[in-house]
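Residue indices begin at 1 and follow the sequence shown.
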Amino acid sequence: SEILVIHLVFIRDFPKHIMGNKHNSAGFKTRSPLSIFIVICLCCFFYILGAWQKSGFGKGDGIAVQMSKQTDCQIFPDLNFETHHNDVEIIEPSKPKAKVFKPCDVKYTDYTPCQEQDRAMKFPRENMIYRERHCPPEEEKLHCLIPAPKGYTTPFPWPKGRDYVHYANVPHKSLTVEKAVQNWVQFQGDVFKFPGGGTMFPQGADAYIDELASVIPIADGSVRTALDTGCGVASWGAYLMKRNVLAMSFAPRDNHEAQVQFALERGVPAVIGVLGSIHLPYPSRAFDMAQCSRCLIPWAANDGMFLMEVDRVLRPGGYWILSGPPINWKTYYQTWKRSKADLQAEQRRIEELAESLCWEKKYEKGDIAIFRKKANNKNCRRKSASICESKDADDVWYKEMEACKTPLPEVNSANEVAGGELKKFPERLFAIPPRVAKGLVEGVTAESFQEDNKLWKKHINAYKRNNKLIGTTRYRNIMDMNAGLGGFAAALESPKSWVMNVVPTIAKNTLGVIYERGLVGIYHDWCEGFSTYPRTYDFIHANGVFSLYQNKCNLEDILLEMDRILRPEGIVIFRDEVDVMNKVKKIAGGMRWDTKMMDHEDGPLVPEKILVVVKQYWVGGTGNSTSSDQ
C-alpha cells in the first residue's frame, strides 16, 4: 500500500513539475516525449509491483503447513494465517462476532451420528434395516466438537500405516481376540499389527489375490475399481493398492467393533454401510470387480435382491468373487453347522440367479468361486430376471431396492460393451469417459471435460506452492466434498494418497463419470452426517459446497461434521464466493481451527476466494491445543 501511495503522489506532482514553466514552450517541447515515457514506465512498474504484493505471491505470503512428528503434535510456531486481501466483514451489531464451540463429552469420541447403536435398536432387524443410516432429528444434533482420545497420535505414513495402527487412536481390542485365528489383527505393545489375513485368507491377502489374478486380469489395468461387501478391516483392499486397484470397502457398525475405523486408520478407502433394504450409494456400472469374502449376506434370499444390487453396480464384463458359504460346503458343512442339502440348495440357487443376471461362472476351486458379467445382454443363455422399471439407475439415495435386474444400455452388436468400453488404467484417468462421450451428463462435453482437467491441474499446483506437503504421505486419506467430474482427484492421483469423491445428492450427478475414470466415490447429502468414524481424513477439499447448501441447511452443522471427520492437525481447503467465505470464516473462528484467507491464484479481482484451515491438536478432557494463540 505504501508503494501505491508513493506512486499516486508522484503522478500528481510530476506533471506540475515538468509543466511549471509555461513561458519556456521550446524547452517543454524538447523534454516532453522523454518525460512522458518516464512517467509511463514508472506507472507500469509500480502497478505491477503493487498487484504482485496484493495477489498473495509477494513478501510474507505462504502457509506454514509443516506438521508435527508423530510423537510431537505441535504446529510450527511460524504458522501465519493472516489474510492477504482486503476482507472486510459486515458484522451485525445484534450478533456476537464468533460463537465458541465447546468440546463434546468424551463419551462421544467415536460418535457416528447416523449409525448410533441406541437409535439403531429402535428399527426392524429384517433385511438389516437397523444397521442402515438413521440420522438424528434437528433437536438431537450435537453442537460441540468431537474430542480425540487421550494420547492420539498422527497415523503411521503409508505404506507402514497399512500394517500398523496406534492403539491410542483406536483403543478397541475385541477383534484381536475374536479374530485371532484368522490373522485379522494383533495387539503388540502400544500398536495394532495387521498381518494381512482374513476369514477366508488366513495365510494372507497376497496369496488370495494371486489366486484371483489367475482368472481376473488384475495386473494389466483392466481392473481398477473394486467393491468389498462386508470388508472386515479391509485387508483385501489394502493389499490391492500395490497392484494399482482401488477398492471401496464397507461394513456395518456392529459387534465387530471399529472394523471400518481400523480400515481408515490404515489408510484404506472404507465407509460404514450395509447391504439391506435401500440401494448402495454408488452409481450403476461402477465397479470392475466385487467380492464377498465370508460376508454372510444371504444372496439367495428375497428373490435374489442383494445379488441384483451387486449386478447394478458391477460394470459389464466385471467380475464377482464369492468365497465362503456356501462355496466348498462339502468341506465345511459341519463347521458351519448346516446340512449338506441346505448348503447345496443355496449354492444352486445362487448359480441360477447369476445365470438369470447374464453372469457366467468362470472358476470354482477350494473356497473360491468367480463369476463374470457379460458385456451386454445379447449373449444371455436364459431369460433374464424381471427388469426394473426405474428410468434412472443412478437415482439411489434412500431409495428402496427391488428384486429386479437393472437394464443395460442398448448395443448394436454382440461384441460391443454396454455403456461403452473403458481404457486400461492409468490411461482411462484422462480419457473421455463414455458417459461424457455419449452426452449422458447434461452440460458436459468432451471439450468441457478437458478444460476441467486443465483447471484442476492449475488449482492443485497453486495448492502445492502454498503447502508442499500436499502430494506426500502426510495427507493419505483425502475427501473432495463436491467432486464434480473428479478433476481434483485426478490431478492428485498418486500411490501416496487416495480421494473419496463425494457427489452431493443436490448437485449434478457425475459420480458415474468419476468411476469411469478409475476413481472411487459416494453419494451423500451434507445436511446429514457422513458414514464414517471421527478423525478419518487428513485433508478435506470443499469447492463450492457452501454456496450449494447455504439455503438448504445450517452451514454450522456442515462445518461441525467436517471437524468430526478431520484428523487433528489435518487441513481443509475451501473454494467459494467471498461472501460465503466470510460466513464460513466467522463460524470457523470458534472451532479450534487456525484459518487463513487467500486470493484466487489469478489475483485479487477474482470473486472466488480460498480459505485454508489447520485443525488444532487437542484431546478429550484437556484444554491443550496447537493454536498459536494458546
Q: Would you check, one step at a time, whether the test side chain to side chain donor-acceptor pair (under 3.5 Å) holds for S235 with R266?
A: CA-CA 9 Å; S235 286; R266 297 174 71 186; 3.0 Å; yes
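- Residues passing the ring-ring contact (aromatic ring centres under 6.0 Å, His included) test with Y239: none are found, sequence neighbours excluded.
- The shortest distance between side-chain heavy atoms of T595 and V612 does not fall below 4.5 Å.
- Ring centroids of F101 and H143 are separated by 6.0 Å or more, keeping the two rings apart.
- Residues passing the side-chain contact (heavy atoms from CB on, under 4.5 Å) test with N461 are R465, sequence neighbours excluded.
- Looking at residues two or more places apart in sequence or on another chain, you find no ring-ring contact (aromatic ring centres under 6.0 Å, His included) involving F306.
- A side-chain contact (heavy atoms from CB on, under 4.5 Å) with E561 holds for exactly one of D557, I558, I565; it is I565.
- For Q291 (side chain) and T229 (main-chain N/O), no donor-acceptor pair under 3.5 Å exists by modelled atom type.
- Using bins of under 30°, 30° to 60° and over 60° for the plane-to-plane angle, the ring pair Y152/Y617 lands in the tilted bin.
- Listed by chain and number, the residues in a side-chain contact (heavy atoms from CB on, under 4.5 Å) with N509 are D394, L511, Y523 (sequence neighbours excluded).
- Between F192 and Y167, the ring planes are tilted. Angles from 30° to 60° get that label.
- A salt bridge links E608 and R575; the closest N-O separation between the charged side-chain nitrogens and carboxylate oxygens is under 4.0 Å.
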Q.
Walk me through whether F250 and D228 qualify under side-chain contact (heavy atoms from CB on, under 4.5 Å).
A. CA-CA 6 Å; F250 72 81; D228 192 358; over 6 Å; no
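- Checked against the 6.0 Å centroid criterion, the rings of Y208 and F201 qualify as a close aromatic pair.
- F194 and W236 have their aromatic ring centers separated by at least 6.0 angstrom.
- For the residue pair V106 and G621, the shortest heavy atom distance occurs at CG1-N, 3.9 Å.
- Using a 4.0 Å cut-off between charged nitrogen and carboxylate oxygen, R535 and D110 count as a salt-bridge pair.
- Under the 4.0 Å criterion applied to side-chain N and carboxylate O atoms, R476 and D538 are not assigned as salt-bridge partners.
- Using a 4.0 Å cut-off between charged side-chain N and carboxylate O, K242 and D206 make a salt bridge.
- Counting non-hydrogen atoms of other residues, nucleotides and ligands closer than 6.0 Å to NZ of K508 gives a total above 12.
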Pairs of donor and acceptor atoms involving the side chains of residues 482-495, under 3.5 Å and at least two apart or interchain, shall be tabulated with distances.
from	atom 1	to	atom 2	distance (Å)
N482	ND2	N543	O	3.0
E493	OE1	R224	NH2	3.4
S494	OG	K496	N	3.0

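- Under the side-chain contact (heavy atoms from CB on, under 4.5 Å) criterion, V584 pairs with F546, L559, F574, V580, M581, L611, sequence neighbours left out.
- The neighbour count for K141 NZ, taken as heavy atoms of other residues, nucleotides or ligands under 6.0 Å away, is above 12.
- Results of the side-chain contact (heavy atoms from CB on, under 4.5 Å) test with E265 over V233, V165, V260, T536 single out V165 as the only residue that passes.
- The salt bridge (charged side-chain N to carboxylate O under 4.0 Å, His left out) with E116 is formed by just one residue from the set R131, K122, R133, R253; it is R253.
- A 4.5 Å side-chain heavy-atom check between L264 and N477 finds at least one atom pair inside the cut-off.
- Between D599 and K609 there is a salt bridge, with a side-chain nitrogen of the basic residue lying less than 4.0 Å from a carboxylate oxygen of the acidic one.
- The six-membered or imidazole ring of H279 lies away from that of W397, with a centre-to-centre distance of 6.0 Å or more.
- Remark: side-chain polar atoms of D563 are not paired, donor with acceptor, to backbone N or O of L145 under 3.5 angstrom.
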